[in-house]
Amino acid sequence: MKNQDFNFIKDKFDSAQPELPESLSRDRLRQHILAGAEPKVVPFPQRKKHRVAMLAAVACFMLLCGTVVAAGSGDLFSRERVVDFADYNEVYAVTATLQPATGGESGCEEAGAVFHRAEAGVEQPAQIKIADGYLYYAYTNSNSMKNRNQIYIFEVRGRETKLLYRMVGAVPDDAELEGVFVWGDRLTVCATTDSTTYIQVYNVENKKQPELLGKWTQSGRYATANAVGDTLYVTSDYTFAPKDQTAIPYIADGTQALRAQAKDIVGFQNVQQSRYAVIGTLCLSELQPTVQVQAVLGGFAKVTCTPKAMFIGAYADSGTTDVQSAVKLDLQRGKFTFATKKERQTYLAAPFRLEKPATAQTVYPVGDRWLSVEENLNDGQNCLVLYDGSGKALDSVKLEKATVLSDLAVNTTGEAFALPACFAENAQRSYGVITFTVQDDHIVLTHPYKNTDDRLMYQGKCAWYAGNVYSVNVNDTVSDDEKLQVFSYAYTD
């Protein structure tokens, strides 16, 4: 029996309760009592004891079966449940008792391991995307305070690229671009400030003249986004003042705000801090994209998404997921349930523990192995480490005279990998990519592709397309049209 079926059955009993007969009404009973009337006794035949024993045995058997099923399904009687709300008053009754939210999401420069999961049929927005012969790049100029957020669209012809359009002021200057997502002729842009997530959708059928189809703001700081087919799910971390009764998660289009309905909000029983994981849903196939908003009180906005469900863990004080408490959002039905132990372990728990002092680790799945891009925070040294499913190190490669970003690019076959890199040799700096493969549980470096343009200042992200590796490098000192330089390399094993 599913967890939420108990309330369903209770509701059925409550709604089916028959009206009392007139003879048992309050007034009629009062008359009988005051008149000292003797109650009517209806004789009832005594049942034989062997039937009682048989019914007790059946009840014990059913209880035993229920216990076995509960253990198999995972946590039917666990300490946590999904708390739902009938109206906003019930929401306020809980939020008013919470402590103000503290802490935030763990940053990429902190020591510790961050595991990425790859789910077939699910795509995440990224700073660089290449689709149907066009390269899209989300660029935030950290050295400028005006028009600092820009979207570049390049045409890709073989290894040659040509700038077609530069979108200026797509999002406010106090925001930072998080990534783009391409679905057909729809380009979605995600950006964030500390308190607001920005979402914009463009028609890019004409790459030289994109058309804005809609723009929205969502409560809270952007955490992640997942695309399943034509639907994009954007999650954000929304903290609020516990006594603020207007602090209901919303998604707004500039003219009106769509607040999450009480029926679309759930929470954890042991929630302590005033924090929501907010889920904004955009259907991109509509002529005008449609939106919906849901929320998990006490949830951690870094979620795991499959084509059928999203898993949201409880927020832990350390800015991580409490895998002992999690809810599951059915993406087809839009309904929340409590995630089973197996689901929590599969989709939210780290496959193993990695503990290296003063080391930042970004870990990616490679078949049934795990590849970690590691940085020693004391000396900046990078290395690549291959682990098996239990966390045992199988191989490691120290990257000499090179510093890499942790954003791994994987080719279409999943057999070759690339990392954006900065090379320093003989007092000369250059930018490019490091490529490698994994063969027989060994990391095999293939090529360090470099460019020698000494005007470049920063290494951008890289991506694969049609057998080539495309690397974006940045020079903030030149005109906007020239700031991004795209270099391509023909990959060979």
Side-chain angles (χ1 to χ4, degrees), residues 108 114-118 123-131 133-139 152 154 156 158-161 179-182 360-367 369-375 380-387 395-425 429-453 456 458-474 484-493:
C108 60
V114 177
F115 285 85
H116 292 260
R117 285 179 165 83
E123 183 180 353
Q124 285 80 34
Q127 191 171 347
I128 181 173
K129 286 287 184 180
I130 307 179
Y134 296 94
L135 187 154
Y136 304 85
Y137 199 89
Y139 168 66
Y152 287 73
F154 295 87
V156 178
R159 291 183 54 199
E160 301 296 322
T161 58
V180 295
F181 169 71
V182 182
Q361 300 159 290
T362 307
V363 192
Y364 299 90
V366 178
R369 302 300 192 225
W370 293 86
L371 177 77
S372 178
V373 183
E374 304 189 353
E375 178 186 357
Q381 177 70 55
N382 287 123
C383 67
L384 307 177
V385 184
L386 184 68
Y387 295 94
D395 191 23
S396 65
V397 175
K398 184 178 291 187
L399 301 179
E400 304 287 351
K401 300 177 181 180
T403 300
V404 297
L405 302 181
S406 61
D407 302 86
L408 184 70
V410 186
N411 73 348
T412 54
T413 64
E415 298 174 345
F417 310 91
L419 286 168
C422 172
F423 304 92
E425 190 172 6
R429 182 178 60 186
S430 57
Y431 298 95
V433 296
I434 288 177
T435 59
F436 59 95
T437 62
V438 174
Q439 301 175 18
D440 299 324
D441 288 340
H442 289 284
I443 300 168
V444 181
L445 297 180
T446 50
H447 296 284
Y449 295 103
K450 307 176 184 179
N451 65 70
T452 57
D453 189 338
L456 300 173
Y458 307 106
Q459 173 63 47
K461 305 301 172 62
C462 66
W464 295 82
Y465 184 72
N468 299 320
V469 185
Y470 295 83
S471 172
V472 176
N473 305 141
V474 182
L484 299 192
Q485 298 294 320
V486 181
F487 296 85
S488 61
Y489 310 96
Y491 175 76
T492 56
D493 296 322

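Computation of the quantities below employed the complete heavy-atom set of this structure, encompassing side-chain atoms and omitting hydrogens, waters and symmetry-equivalent molecules.
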Q | Test side-chain hydrogen bond (donor to acceptor under 3.5 Å, both in side chains) applied to Thr446 and Thr435, step by step | A | CA-CA 6 Å; Thr446 50; Thr435 59; 2.6 Å; yes
Q. Would you call the rings of Phe115 and Trp370 parallel, tilted or perpendicular, where under 30° means parallel and over 60° means perpendicular?
A. perpendicular
(Q) Is any side-chain heavy atom of Asn468 closer than 4.5 Å to one of Tyr491? (A)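 Not touching, per the 4.5 Å side-chain cut-off.
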(Q) I want to check something: taking the side chain as every heavy atom from C-beta on, are Leu419 and Asp407 in contact at a cut-off of under 4.5 Å? (A)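 A side-chain contact under 4.5 Å is absent here.
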Considering all heavy atoms, the nearest [X]-[Y] contact:
{"X": "Ala402", "Y": "Ile434", "answer": "CB-CD1, 3.9 Å"}
{"X": "Pro125", "Y": "Gly179", "answer": "CB-C, 4.2 Å"}
{"X": "Ser471", "Y": "Tyr489", "answer": "CB-CE1, 3.9 Å"}
{"X": "Ala409", "Y": "Ala463", "answer": "CB-CA, 4.2 Å"}
{"X": "Glu415", "Y": "Asn411", "answer": "N-OD1, 3.0 Å"}
{"X": "Val385", "Y": "Ser396", "answer": "CG2-CB, 3.9 Å"}

Can a donor-acceptor pair be found, under 3.5 Å and without considering hydrogens, that links the side chain of [X] to the backbone of [Y]?
{"X": "Asn382", "Y": "Glu374", "answer": "yes"}
{"X": "Asn451", "Y": "Tyr431", "answer": "yes"}
{"X": "Ser488", "Y": "Arg159", "answer": "yes"}
{"X": "Tyr387", "Y": "Leu371", "answer": "no"}
{"X": "Asp395", "Y": "Ile443", "answer": "yes"}
{"X": "Gln127", "Y": "Ala138", "answer": "yes"}

Q: Please report the C-alpha distance between Tyr137 and Tyr152 in whole Å, then the side-chain angles of each, then the deciding distance to 0.1 Å, and finally whether the ring-ring contact (aromatic ring centres under 6.0 Å, His included) criterion is met.
A: CA-CA 5 Å; Tyr137 199 89; Tyr152 287 73; 7.6 Å; no
Q | Under 3.5 Å side-chain donor-acceptor pair for His447 and Thr492 | A |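 Yes, Thr492 and His447 have a side-chain donor paired with an acceptor closer than 3.5 Å.
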Q) Between Thr403 and Gln459, do the side chains contain an N or O donor and an N or O acceptor separated by less than 3.5 Å? A)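 Gln459 and Thr403 do not have a side-chain donor-acceptor pair below 3.5 Å.
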Q: Scan for salt bridge (charged side-chain N to carboxylate O under 4.0 Å, His left out) pairs involving residues 432-446, sequence neighbours excluded, and state none if there are none.
A: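 Residue pairs with at least one partner in residues 432-446: Arg369-Asp441.
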Q. Between Asp453 and Asn473, does a side-chain hydrogen bond (donor to acceptor under 3.5 Å, both in side chains) hold up when you go through it step by step?
A. CA-CA 10 Å; Asp453 189 338; Asn473 305 141; over 6 Å; no
Q) Under a 4.0 Å N-O cut-off, is there an ion pair linking Glu123 with Lys129? A)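 Yes, charged N to carboxylate O under 4.0 Å.
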Q) Mind checking whether Trp464 and Tyr470 have ring centres under 6.0 Å apart? A) no
